[in-house]
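Structure record follows, encoded as structure tokens.
Proteins come first, then strands; the chains are lettered A, B, ... in the order of their sequence lines, and each starts at number 1. Predicted model, so just to flag it, every value in this text is computed and none were measured.
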Amino acid sequence: MYQAARGTSDILPEEQPYWHYVEQKAADICRLYGYQRIDTPIFEDTSLFSRSAGEYSDIVQKEMYTFEDRGGNSLTLKPEGTPPVCRAYIQHGLSNRPQPVKLYYITPIFRYDRPQAGRYRQHYQFGCEAIGEADAALDAEVIEMSWQFFKSLGLTRFSLQINSIGCKQCRPGYLVELTEYYAGYRAELCKDCKTRLEKNPLRLLDCKQAGCQRLADAAPRNLDYLCFECKEHFSNLQKYLEILSIPFEVNHRLVRGLDYYTRTVFEFQPEEEGSQSTLGGGGRYDYLIEELGGKPTPGIGLAIGIERTILNLKKENVRVPILPGLKVLMTNVGEETRDESMKIAAMLRREGISATSTAGGKNLKAQLRQANSLGVRYAIIIGENEVKTGTVTVRDMADSSQKTVPVSDLVSFIKKEA
RNA sequence: GUGAGUGUAGCCCAGCGGUUAAGGCGCCAGGUUGUGGCCCUGGAGAUCGAGGGUUCAAAUCCCUCCACUCACCCCA
């Protein structure tokens, strides 16, 4: 039997209310903060991703779904949302619009990773990018927006961590300090951290191994090595967050796994203990546009995992609105009444009232049972009597009351009752 | 990529070497000649995750593979 490919899943009708709810709230919050929707292709030139995420990032090293098309081009299924939006910003000359340009998306993301609860090979992200402005006020707004998004969904048990990882001016100096510090403890590092020391020393800080954690706690802090501008940027960010009453925690070990981040990085974490500790996160990327071939342009973005958000909605027992279902089911007694029943169903639909007629030659009892399990408000019964008199029997499934209504009055009757 | 656990009808699950694999939910039908939800009765639905092996005999023991879950890694 065929089954969905590993790490992918079907979203059945019962789950859809959650998805609709989250997507709706995302659209609402974006409207509130002036973000406009953008959709980019599901695959891009492989180099767009390998250039931006960083040669030694896990995404590029082992998680990309890369394939060659018939023309011999190397393409990759979107492993993250930011680079395609930056590409679109450059390609369409969005730098000519009022800055910052604020865009959002809801997109599938593909990463070849070992599946786990809350972790999939195809998952969905709600992401925002604000491009063309370096002011920390914008960082604060983006973070506040994420905060309000989770709040508006009804989530209460999550927290926010922020950090600054500096810029081109100050990071190299810090990395030298960090590397020198760790070089002294080389022997005590775990296997992964030994490679991190060579390839990507910043990542040493968020290793979870107990021994490495001790070293990380005592390691030189990025925040102590920030240049004047970065320091000011970070203190402004904190000031703004306080003005906006967003509670946060500074975590000097928060670094994030993508090389293009500069200055601000942030992460939202659910309070609940679990293996998946990130609900969403993001950061500033002031060199990315330039690296991808555009003119120097600062930007900041965020990405929120929709599956993880839904997981937490369930954990917190948030009730989501049910989606409107079918309003009317046409039932008929006797074969000759089918034509009339089809006609009336069509009439109702043209008036914007959802209606279908039962299929097959079932008896009335079975048809009503179907009406019951579909949860329709009305079952409309048509038998020979009704056809003869040009009427219809309208049964209100909620209270079992029935009324005989002339076909000519049916639409207004149902609209009035609703 | 590494380690551990699990895998029985659409769903939840009993059985853990021996005649036709049990139960609940759901589904379908009957109990009403034109009437749902409750109740009663009946029915359909399972090559016991897949393949191979051990045995007179395997859902039950062994091996391989696949999937899911958990931990690591990493992230959303």
Side-chain angles (χ1 to χ4, degrees), chain A residues 1-9 12 14 22 53 56-63 78-82 106-127 146 190-193 195-196 200 203 206-210 212 254-258 265 267-270 273-282 301-312 329 331-334 337 358 360 362-387 392-402:
Chain A
M1 191 173 53
Y2 283 113
Q3 50 186 322
R6 180 161 211 203
T8 69
S9 57
L12 297 175
E14 303 81 84
V22 172
Y56 298 110
S57 66
D58 279 13
I59 287 179
V60 172
Q61 290 236 303
K62 54 187 194 190
E63 295 177 3
K78 222 189 275 187
E80 48 163 344
T82 301
I106 293 174
T107 182
I109 294 290
F110 302 88
R111 290 181 197 168
Y112 187 87
D113 209 341
R114 184 89 175 250
Q116 218 172 291
R119 197 175 79 184
Y120 310 93
R121 287 183 175 179
Q122 175 179 350
H123 76 276
Y124 291 81
Q125 286 185 6
F126 159 43
S146 327
C190 72
K191 195 168 134 283
D192 289 325
C193 278
T195 35
R196 288 186 184 116
N200 194 347
R203 302 239 43 140
D206 68 348
C207 182
K208 272 80 176 181
Q209 304 286 326
C212 299
L254 179 66
V255 295
R256 315 266 313 148
L258 300 164
V265 291
E267 212 168 278
F268 287 87
Q269 307 185 339
E273 279 302 309
S275 53
Q276 310 310 332
S277 59
T278 310
L279 208 46
L302 77 93
I304 291 168
I306 296 186
E307 286 85 349
R308 289 185 186 177
T309 300
I310 291 175
L311 209 66
N312 282 277
L329 185 70
T331 65
N332 59 305
V333 186
T337 57
T358 57
K362 292 176 174 174
N363 60 26
L364 221 215
K365 183 188 172 122
Q367 293 182 73
L368 284 172
R369 198 157 44 219
Q370 191 181 342
N372 187 58
S373 62
L374 286 173
V376 299
R377 176 68 194 278
Y378 300 109
I380 292 181
I381 303 167
I382 301 180
E384 284 169 23
N385 299 338
E386 285 85 352
V387 173
V392 110
T393 298
V394 180
R395 181 179 179 82
D396 187 328
M397 296 300 285
D399 62 12
S400 301
S401 66
Q402 291 193 177

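Following rounding to the nearest Å, A/Q367 (CD) and B/G30 (P) show an atom-to-atom distance of 12 Å. Following rounding to the nearest Å, A/Y378 (OH) and B/U35 (P) show an atom-to-atom distance of 22 Å. The CD-C1' distance, from A/Q122 to B/C75, rounds to 16 Å in whole Å. A/D58 places its CG atom 11 Å from the C1' atom of B/G1, with the value rounded to the nearest Å.
Nucleotides B/U6 and B/A59, compared at atom C1', are 15 Å apart to the nearest Å.
Taking 4.0 angstrom as the limit, A/R111 places none of its side-chain polar atoms (N or O) nearer than this to OP1 or OP2 of B/C75. Put simply, A/N363 has a side-chain N or O that comes within less than 4.0 Å of OP1 or OP2 on B/G30. Distances shorter than 4.0 Å separate none of the side-chain N or O atoms of A/R114 from OP1 or OP2 on B/G3. A sub-4.0 Å separation between OP1 or OP2 of B/C66 and a side-chain N or O of A/Q3 is absent. Between A/R6 and B/C68 there is a side-chain polar atom (N or O) within less than 4.0 angstrom of OP1 or OP2. Residue A/R395 places no side-chain N or O under 4.0 Å from the OP1 or OP2 atom of B/G34. Proximity of A/R369 to the phosphate of B/C38: no side-chain N or O atom is located under 4.0 Å from OP1 or OP2.
If you check B/C38 for Watson-Crick or wobble pairing at under 3.5 angstrom, you find it has no partner at all.
The heavy-atom pair separating A/E307 from A/Y124 by the smallest distance is OE1-N, 3.0 Å.
Side chain A/R308 to base B/C75: a donor-acceptor pair is found below 3.5 Å.
Residue-level contact check: A/R121 touches neither bases nor backbone, having no heavy atom under 4.0 Å from any strand.
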